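Single-structure report; data block below.
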Amino acid sequence: MSLSRAPLALLLAATACSGQAQESNAAAPVAGATTDTPVTATAPDNAAPPVTSLPDDAPDATVKNVPATTGRANTTETAPPFAMQTLGQFEDPFAIAVLPDGAALITEKAGKIKLRKADGSISEITGAPKVVFDNQGGLLDIALAPDFAKSRLVYISYSEPRPGGSSLALARGLYTGTALTNLQVLWRAGSDGVGGQFGANILFAPDGQSLYLSSGERQRFTPAQDPDQAIGKILHLTLDGKAAPGNPMAAAGGVRAQIWSSGHRNPYGLVFDDAARMWEVEMGPKGGDELNLILPGKNYGWPIVSNGDNYSGKPIPDHPSRPDLEAPKLWWNPSISPGGMIRYSGAMFPEFRGNLLIGALGGESLIRVSIAGDSAKVENQYKIGERVRDVAQGPDGAIWLLEDSGKLVRLAKK
């Protein structure tokens, strides 16, 4: 959830949409990790010279604009029908993973993992890796392995310090209750250098035998269309971080063999619905945030098309301009800056079952979306009044929100 030599006006506009301040090209601070954290920094197979500067705008349009006329999801906010309770306070939190016993693991971008126990006490879990903590970078997503009850394995994504800047990395460690031990880096994006927009969401396949990882395009635009770069993509990997068998370009090897879908800007929330269809929320540029139905091998268009524009005001053709590229099922302009997303399955709000719940950063709201086959509809946009970074479901069916203010908030029936 998110460095630029761009002009100040561009910088400020980018901050508004991404929901975070932009990173600078200067060397970023490294945070987290104790000296005994067993993490190596070998180069990935797709190593290339580090990227040292960022473009201002998407490439010039090559097609005539055909305006988008359907799918716009902006709606009137309503008062939240919840009783709201603060469960804890954290520093620059990014993601939450609820444990079977009702406790929760929360990542803080500076490089810490916190444990919020069911009794309300909060402690630090040691063993987190070193991270590049600079605005959109840091310690990012956290997810329990499908067999966590037996294996006690936890997966994390983060911006890893690299000789030429940073890279998105995926690691796995053993959770002891007080520490992550035997931490192992499973995968690196490569394409090291500057840029925010890491994506970084982890989603396990319904059968628990593989995982999906969203990888943002690092504010570099064109790599989202480059099949030899892992940024601007959704990757499908084994639980050990290798290319999953059966991927659309599995036979090609290298980065191509890892790619599930391409043409993404800053993909955040990933979920499966009741029919095992994958849905993704993605931050667009100035407007053009998207809810996508993710299909294997499909190209979602960034930066060729978008229902938003460059922060400079330079237009980008709308999705209908290239019907060969996948269009979003819903889109928001003005932007809501989507954060985390869940598919609700709890008992406390039976009327929400099967719905998507999307946190909104710039929108400071919780958005409820119903799904019918391959179509989606916004049902409500509940005004929270804080930037909602991540969403989780508590053991009793309550909805937990992680806010940029640092609060962990529980939403229950009034």
Side-chain angles (χ1 to χ4, degrees), residues 1-25 51-74 135-136 191 193-199 215-227 229 231-233 261-268 280-292 299-328 330-338 360-363:
M1 302 182 198
S2 62
L3 308 209
S4 177
R5 297 184 187 273
L8 180 59
L10 173 62
L11 183 65
L12 294 175
T15 300
C17 179
S18 72
Q20 302 181 18
Q22 301 293 287
E23 301 181 31
S24 69
N25 282 338
V51 172
T52 58
S53 62
L54 301 173
D56 289 346
D57 287 330
D60 291 338
T62 58
V63 295
K64 181 180 178 180
N65 182 51
V66 177
T69 58
T70 61
R72 186 169 179 266
N74 297 81
N135 297 311
Q136 295 178 6
S191 301
V194 298
Q197 295 178 183
F198 290 91
S215 178
E217 46 83 277
R218 304 291 308 275
Q219 298 169 268
R220 303 176 193 172
F221 297 95
T222 54
Q225 293 294 325
D226 182 351
Q229 295 193 59
I231 60 177
K233 312 293 190 300
S261 62
S262 61
H264 299 288
R265 183 176 181 270
N266 196 13
Y268 272 2
E280 171 249 19
V281 284
E282 178 169 334
M283 281 192 179
K286 186 179 180 182
D289 299 331
E290 299 178 357
L291 175 68
N292 289 304
N299 186 330
Y300 288 78
W302 180 256
I304 301 168
V305 288
S306 171
N307 293 343
D309 294 317
N310 289 288
Y311 293 114
S312 66
K314 176 183 174 182
I316 305 170
D318 286 8
H319 274 276
S321 308
R322 284 286 302 269
D324 57 313
L325 303 174
E326 288 294 309
L330 297 176
W331 52 276
W332 289 264
N333 193 341
S335 174
I336 57 163
S337 303
L361 292 155

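Please read these numbers as outputs of a predicted model, since none were measured by experiment.
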>> Please evaluate residues Asn299 and Gln225 with respect to the criterion side chain to side chain donor-acceptor pair (under 3.5 Å), reporting the C-alpha separation (whole Å), side-chain torsions for both, the decisive distance (0.1 Å), and the verdict.
In response: CA-CA 8 Å; Asn299 186 330; Gln225 293 294 325; 2.6 Å; yes
>> I'd like to know if Asp60 and Lys314 make a salt bridge, using a cut-off of under 4.0 Å between side-chain N and carboxylate O.
In response: yes
Please tabulate, one pair per line, all N/O donor-acceptor pairs under 3.5 Å involving side-chain atoms of residues 66-73, not counting sequence neighbours.
{"from": "Arg72", "atom 1": "NE", "to": "Asn333", "atom 2": "O", "distance (Å)": "2.8"}
{"from": "Arg72", "atom 1": "NH2", "to": "Asn333", "atom 2": "O", "distance (Å)": "2.8"}

> Does the side chain of Leu361 come within less than 4.5 Å of Pro338's, by heavy atoms?
Replying inline: no
> When rounded to the nearest 0.5 angstrom, what distance separates CE in Met283 from CD1 in Ile336?
Replying inline: 8.5 Å
> Do you see a donor-acceptor pair shorter than 3.5 Å between the side chains of Glu290 and His319?
Replying inline: yes
>> If I compare all heavy atoms of Asn266 with all of Phe198, which pair ends up nearest, and what's the gap?
In response: OD1-N, 3.8 Å
>> Could you walk me through whether Tyr300 and Ser262 satisfy the side chain to side chain contact (heavy atoms under 4.5 Å, CB included) test, starting with their C-alpha distance in whole Å, then the side-chain angles of each, then the deciding distance to 0.1 Å, before giving a yes or no?
In response: CA-CA 6 Å; Tyr300 288 78; Ser262 61; over 6 Å; no
> With distance as the sole test, does Lys233 use its side chain to make a donor-acceptor pair with the main-chain N or O of Asp226 at under 3.5 Å?
Replying inline: yes
> Looking at residues at least two apart in the chain, or sitting in another chain, which of them share a side-chain hydrogen bond (donor to acceptor under 3.5 Å, both in side chains) with Arg220?
Replying inline: none
> Who pairs with Asp309 by side-chain hydrogen bond (donor to acceptor under 3.5 Å, both in side chains), at least two apart in sequence or on another chain?
Replying inline: none
> Which pair of non-hydrogen atoms, one from Asn307 and one from Pro328, has the smallest distance, and what is that distance?
Replying inline: ND2-CG, 4.1 Å
>> I'd like to check Val51 versus Ser191 (side-chain heavy atoms, cut-off strictly below 4.5 Å). Are they in contact?
In response: no
> With distance as the sole test, does Gln219 use its side chain to make a donor-acceptor pair with the main-chain N or O of Gly196 at under 3.5 Å?
Replying inline: yes
>> If I take atom CG from residue Asn310 and atom CG from residue Asp57, how far apart are they, to the nearest 0.5 angstrom?
In response: 4.0 Å
>> If you compare all heavy atoms of Ser321 against all heavy atoms of Val63, which two are closest, and at what distance to 0.1 Å?
In response: CB-CG2, 3.9 Å
> Would Trp302 and His264 satisfy side chain to side chain contact (heavy atoms under 4.5 Å, CB included), going step by step from the backbone distance to the final call?
Replying inline: CA-CA 5 Å; Trp302 180 256; His264 299 288; 5.9 Å; no
> CD1 of Ile231 to CZ of Phe221: how many Å apart, nearest 0.5 Å?
Replying inline: 12.0 Å
> If every non-hydrogen atom of Gly308 is compared with every non-hydrogen atom of Pro285, which pair is closest and at what distance?
Replying inline: C-CG, 4.1 Å
>> Does Glu282 form a side chain to side chain contact (heavy atoms under 4.5 Å, CB included) with Arg265? I'd like the steps, not just the answer.
In response: CA-CA 7 Å; Glu282 178 169 334; Arg265 183 176 181 270; 3.6 Å; yes
> What's the shortest heavy-atom distance between Ser337 and Asp289, and which atoms?
Replying inline: N-OD2, 2.8 Å
> Less than 4.5 Å apart, any side-chain heavy atom of Asn74 and any of Pro334?
Replying inline: yes
> Hey, what do you get for OG (Ser261) to CD (Glu326), rounding to the nearest 0.5 Å?
Replying inline: 9.5 Å
>> How close do Ala61 and Pro317 get, counting heavy atoms only, and between which atoms?
In response: CB-CG, 3.5 Å
>> Pair Leu325, Ile304 - check side chain to side chain contact (heavy atoms under 4.5 Å, CB included), show working.
In response: CA-CA 9 Å; Leu325 303 174; Ile304 301 168; 4.3 Å; yes
